[in-house]
Amino acid sequence: MDTGLLVLRLVAGLLIAGHGVQKVSFRLGGNGLAGGTEEFRHDGFRGGRLTALAAGGSQVGAGLFLAAGLLTPAAAMAAMGVMTVASTVKWHNGLWVQNDGYEYPMVLVVVSAVLTLTGPGRWSVDHVLGLTPWPLWVSVAVIVIGPASGLLTRVVLHRPPAPGRRTPHVQAAD
């Protein structure tokens with residue numbers, strides 16, 4: 001079980017971190033901070049550069065902490081928050097990723113929730129520091145607060161579309 005948790009943490013955590021690196025730099029195929037800022041503006045978010053930095057920084061930090069198994073509940077909560085925001089952006093495209101849907105961000109939210117419930121395993125910084133196991137109420141709180149913070153972020157930072165402007169919708173070919 002510990003080996004499986006290690007692999008899950010490393011893959012999911014490093015993918016989340018890599019996605020954040022793309023938002024704020026030219027590394028890993030990113031378009032730099034200007035590109036990340038434009039992506040958020042295009043998706044209808046206020047805050048521009050600060051929003052891109054906060055989202056990218058949250059993804060990098062949450063991903064690296066998840067990969068290391070360090071402060072796993074806090075890392076999972078941050079990951080669930082940013083991935084919930086990503087899900088809301090893609091919601092109108094439906095579930096499946098081939099239509100730019102929310103499938104992938106939803107998987108990362110679920111993986112983060114699972115790591116909160118199971119703990120990071122023996123091969124983690126949390127285990128070395130004696131921080132595990134944590135009480136069930138901590139896991140439940142993380143699973144509620146993480147996505148709720150993403151939804152609150154969406155409500156606070158998202159601008160409604162201008163009159164006459166429609167959000168693009170990608171449809172699957174028959």
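Please read these numbers as outputs of a predicted model, since none were measured by experiment.
Remark: side-chain polar atoms of Gln22 are not paired, donor with acceptor, to backbone N or O of Gly29 under 3.5 angstrom. The closest donor-acceptor contact from the side chain of Arg159 to the backbone of Phe45 lies under 3.5 Å. Between the Arg9 side chain and the Leu115 main chain, no donor and acceptor come within less than 3.5 Å of each other. In this structure, the side chain of Thr132 does not engage the main chain of Gly119 through any donor-acceptor pair within 3.5 Å. Side chain of Asp2 to backbone of Arg122: a donor-acceptor contact under 3.5 angstrom is found. A donor-acceptor pair under 3.5 Å is formed between the side chain of His158 and the backbone N or O of Asp43.
Residues Lys90 and Val97 fail the side-chain proximity criterion, which asks for heavy atoms closer than 4.5 Å. Looking at Thr51 and Thr153, their side chains never come closer than 4.5 Å, going by heavy atoms from C-beta outward. Residues Trp123 and Val128 fail the side-chain proximity criterion, which asks for heavy atoms closer than 4.5 Å. In this structure the side chain of Val155 never reaches within 4.5 angstrom of the side chain of Leu151, judged on heavy atoms. Looking only at side-chain heavy atoms (C-beta outward), Ser139 and Val142 stay at 4.5 Å or farther from each other.
Grouping the Ile, Leu, Val, Met, Phe, Trp and Tyr side chains by contacts below 4.5 angstrom, directly or via other members, places Met80 with Val111. Both Ile145 and Ile16 are members of a single hydrophobic cluster when ILVMFWY side chains are connected at heavy-atom separations under 4.5 Å. Criterion: ILVMFWY side-chain heavy atoms under 4.5 Å apart, direct or through other members. Under it, Val110 and Leu136 are not part of a common hydrophobic cluster.
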How far apart are the C-alpha atoms of Arg41 and Arg46, what are their side-chain angles, what is the distance that settles it, and do they pass the side chain to side chain contact (heavy atoms under 4.5 Å, CB included) test? CA-CA 7 Å; Arg41 285 188 183 136; Arg46 297 178 178 97; over 6 Å; no
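Arg49 and Thr37 are not linked by any side-chain donor-acceptor pair at a separation below 3.5 angstrom, with hydrogens and angles left out of the test. A donor and an acceptor atom, one from each side chain of Asp126 and Thr72, are located under 3.5 Å apart.
For residues 98-120, the set of pairs meeting the ring-ring contact (aromatic ring centres under 6.0 Å, His included) definition, not counting sequence neighbours, comprises Trp91-Tyr102.
Evaluated for a side chain to side chain contact (heavy atoms under 4.5 Å, CB included) with Thr84, the options Ser112, Ser149, Pro147 yield exactly one hit, Pro147.
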